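Since we're looking at a predicted model, the values are computed, not measured. Numbers restart at 1 for each chain; the letters A, B, ... are given by sequence-line order, proteins then strands.
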There are 2 protein chains.
Amino acid sequence: MENIKIQKYEDLLLKNGLKRTGARLQVLDVLSNRNSATSQPYLENIIGKAIDRVTLYRILKTFEEKGIIHRILDNQGTANYAICSNSCTAHNHHDEHVHFNCNNCLKVYCLAETKIPPLKMPAGFEVYSMNLIVSGICKDCKQHTN
Amino acid sequence: MENIKIQKYEDLLLKNGLKRTGARLQVLDVLSNRNSATSQPYLENIIGKAIDRVTLYRILKTFEEKGIIHRILDNQGTANYAICSNSCTAHNHHDEHVHFNCNNCLKVYCLAETKIPPLKMPAGFEVYSMNLIVSGICKDCKQHTN
DNA sequence: TTCGTAACACAACATTGTTGCAATTAATAA
DNA sequence: TTATTAATTGCAACAATGTTGTGTTACGAA
Ligand SMILES: [Mn+2]
Ligand SMILES: [Mn+2]
Ligand SMILES: [Zn+2]
Ligand SMILES: [Zn+2]
């Protein structure tokens, strides 16, 4: 882990009133260095030897509550996690972007620029939030299968 | 179970090349008589004494593959099942309607009339299907908490 | 009626996530 | 620096959901 990055992670933890621990830094580092969301099984695979499974779950829950990361359930119901935009706070997530779930590599991508279009709902339903998951084949998989 | 309904279920099974069994009729009956999607835990609760748990899972999987029912994962990752529109077939589901997940009663509603609006995706992603889940408070819960 | 296959039940297992509690450690004050 | 304390962690035990394998049962066609 590079010093510049560690500094960034420490700031993030400090800002949210969380203690600086090795486990938390590791989780932030893994999530930060990937170009797609990270699944819970993947996380457990790569840092599950160093960090207790339960601790990992608790870190993820804490981060989500603080608005540091957001959770995306893919089409198999697997939990995937991605760093939030820095405008997210404990009680206000701003991640209402579309997510893409590749049927081939199973990765989940945050399409940060693609917002969920407005919708007219039937009467009587009060809308709080929306989750749109698009399925198909991702850029990478399309190239590799050509 | 009324005879008229049983007849309908039998036709559905026959049409899809599935044997008429008590377990399958029961599942179809439960799913048909509810105004919202039915969760796996609920199904297991009410028919889990009569039907083996594994059998229930296999029936649900078969029905989904045949296009008899579709599965909706709610915000907790719980599987919910609803009867398909009768235009659905084994290889072509036509259930691209919006689903509503109530934060209070946790029910999942099929909003059959509400279609997912078109979306312009970033280049490189090939879209096969879309899933939009709207969260909030449902009609019933709003009334009962007034 | 017989026969082959589809459907079933039961046991065993895997994965994902939770809870309680004791031990450790990071942040702060003395 | 050392002491204090609340937050964090690790471990054990458990619950829920879903899968796989295998032997048995029962439909439906011949
Ligand atoms: Mn995202
Ligand atoms: Mn539906
Ligand atoms: Zn892919
Ligand atoms: Zn409700």
Rounded interatomic separation in angstrom, taking CD from Gln76(B) and C1' from dT17(D): 14 Å
Proximity to DNA chain D (any heavy atom under 4.0 Å), residues of residues 54-68 of chain B only: Val54(B), Tyr57(B), Arg58(B)
Which residues pass the side chain to side chain donor-acceptor pair (under 3.5 Å) test with Glu65(A), sequence neighbours left out? none
Angle separating the five-pair end axes of the helix from dT1(C)-dA30(D) to dA30(C)-dT1(D), nearest 10°, is 30°
Apply side-chain contact (heavy atoms from CB on, under 4.5 Å) to the pair Val134(B) and Leu111(B), showing each step before the final yes or no. CA-CA 10 Å; Val134(B) 179; Leu111(B) 305 182; 5.8 Å; no
Please tabulate, one pair per line, all N/O donor-acceptor pairs under 3.5 Å involving side-chain atoms of residues 47-54 of chain A, not counting sequence neighbours.
unit_1, atom_1, unit_2, atom_2, d
Lys49(A), NZ, Asn45(A), O, 2.3
Asp52(A), OD2, Val54(A), N, 2.9

Describe, in one word, how the ring planes of His99(B) and His70(B) are oriented to each other, choosing from parallel (under 30°), tilted (30 to 60°) and perpendicular (over 60°). tilted
What is the separation between atom CG on Leu73(A) and atom P on dT17(D), rounded to the nearest whole Å? 14 Å
Rounded to whole Å, please give me the gap between CD in Gln26(A) and P in dG10(D). 10 Å
Acceptor/donor pairs from residues 11-18 of chain B side chains to any protein atom, 3.5 angstrom cut, sequence neighbours excluded:
unit_1, atom_1, unit_2, atom_2, d
Asp11(B), OD1, Gln7(B), NE2, 3.1
Asn16(B), ND2, Leu12(B), O, 2.8

All salt bridge (charged side-chain N to carboxylate O under 4.0 Å, His left out) counterparts of Arg34(A), not counting sequence neighbours: none
Boundaries of the chain B footprint along DNA chain C (any atom under 4.0 Å from a heavy atom): dT5(C) to dA11(C)
How many whole angstroms separate atom CG of Asp52(B) from atom P of dG18(D)? 15 Å
Hey, does Arg24(A) reach any base, or is it just sugar-phosphate, or nothing, if we go heavy atoms under 4.0 Å? sugar-phosphate
Using the side chain to side chain donor-acceptor pair (under 3.5 Å) criterion, which residues pair with Asn33(A)? Sequence neighbours excluded. Lys5(A), Asp29(A)
Test side chain to side chain contact (heavy atoms under 4.5 Å, CB included), reference Asn80(B), set Pro41(B), Ser39(B), Cys110(B), output is Ser39(B)
Sequence-distant partners of Gln26(B), side chain to side chain donor-acceptor pair (under 3.5 Å), two or more places apart: none
What do you reckon, is CD of Gln76(A) surrounded by more than 12 foreign heavy atoms closer than 6.0 Å? yes
For Phe100(A), which residues count as a ring pair (Phe, Tyr, Trp, His ring centres under 6.0 Å) partner, sequence neighbours excluded? Phe125(B)
In whole Å, what is the span from the CZ atom of Arg53(B) to the C1' atom of dG18(D)? 7 Å
Given the options Asn101(B), Asp74(B), Asn75(B), Ser135(B) meets side chain to side chain donor-acceptor pair (under 3.5 Å) only with Asn75(B)
Please collect all ring-ring contact (aromatic ring centres under 6.0 Å, His included) contacts where either partner lies in residues 34-69 of chain A, sequence neighbours excluded, each pair once. none
Measure the distance from CG on Leu25(B) to C1' on dC27(D) and round it to the nearest whole Å. 14 Å
Send over the distance from Ile51(A) CD1 to dT9(D) P, rounded to a whole Å. 8 Å
Using a 4.0 Å cut-off on heavy atoms, which residues in residues 41-48 of chain B reach DNA chain D? List them by number, or say none. Pro41(B)
